[in-house]
Asks: 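First the structure, then my questions, so here it is.
Bear in mind the structure is a predicted one, so any value in this text is a computation, not a measurement.
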Amino acid sequence: MVLLRRILGDTLRSQRLAQRRTLREVSSAAKVSLGYLSEVERGQKEASSELLSSICEALGVPLSEVLRDVSDTLEVAEAAPAASASAGTAVLNAVGGDGAELEVVGAGVGTNGPSRLEVHLDLDTRGRHRVVAAA
């Protein structure tokens, strides 16, 4: 099961890291505790719409852009298991830092043997997600 709060947290962290900003800088600008922002980025806390708006404002990124990136990532994550004939499992791995990447892997056994779909989402030069898929 894909958790929306994890994808949202990964997207916010990717935006922050693309700007080379610290949790402390963003939490201060957003007027939210550093610990709470860290929990939101790690997908451990559900952020309210007011908090999301504040974080996005602190990052200088429209909330609509963040939600669009989350929606795109969620769409790919939902499609990965469906692309496998027997659904298999979907694994999300988030890697921060330069070349921040979210990898979605779905695997299963189809009528022609094992199948595997890998989809990589990484940040383009503007810090927006770019989809790179390979079957």
Asks: Please confirm whether the backbone N or O of Leu34 pairs with a side-chain atom of Ser38, one donor and one acceptor, at under 3.5 Å?
Replies: no
Asks: Heavy atoms only: give me the nearest Val66-Cys56 pair and the separation to one decimal.
Replies: CG2-SG, 3.7 Å
Asks: Step through the shown structure and confirm whether more than 12 heavy atoms of other residues, nucleotides or ligands are within 6.0 Å of CD on Glu57.
Replies: no
Asks: Go through the structure and list residues passing side chain to side chain contact (heavy atoms under 4.5 Å, CB included) with Ser71, not counting sequence neighbours.
Replies: none
Asks: Give, for atom OG1 of Thr73 and atom CZ of Arg6, the distance between the pair rounded to the nearest 0.5 Å.
Replies: 15.0 Å
Asks: Using salt bridge (charged side-chain N to carboxylate O under 4.0 Å, His left out) as the criterion, list what pairs up with Glu46, not counting sequence neighbours.
Replies: Arg5
Asks: Measure the spacing between OG of Ser54 and CG of Leu63 and express it to the nearest 0.5 Å.
Replies: 11.0 Å
Asks: Within this structure, what is the CG-CZ distance for the pair Leu59 and Arg21, rounded to the nearest 0.5 Å?
Replies: 6.0 Å
Asks: What's the shortest heavy-atom distance between Gln19 and Val61, and which atoms?
Replies: NE2-CG2, 3.8 Å
Asks: Roughly how far, to the nearest 0.5 Å, is CG of Leu12 from CG of Leu51?
Replies: 9.0 Å
Asks: If you round to the nearest 0.5 Å, how far is CG of Asp69 from CG of Leu74?
Replies: 12.5 Å
Asks: CG/Asp10 to CD/Gln15 distance, rounded to the nearest 0.5 angstrom?
Replies: 12.0 Å
Asks: Go through Leu52 and Leu8 one step at a time and tell me if the side chain to side chain contact (heavy atoms under 4.5 Å, CB included) criterion holds.
Replies: CA-CA 10 Å; Leu52 286 176; Leu8 180 58; 3.5 Å; yes
Asks: Return yes if some donor-acceptor pair links the side-chain N/O of Glu65 with the main-chain N/O of Pro62 below 3.5 Å, else return no.
Replies: no
Asks: Taking atom CD as the centre, does Glu75 end up with more than 12 heavy-atom neighbours from other residues, nucleotides or ligands that are less than 6.0 angstrom away?
Replies: no
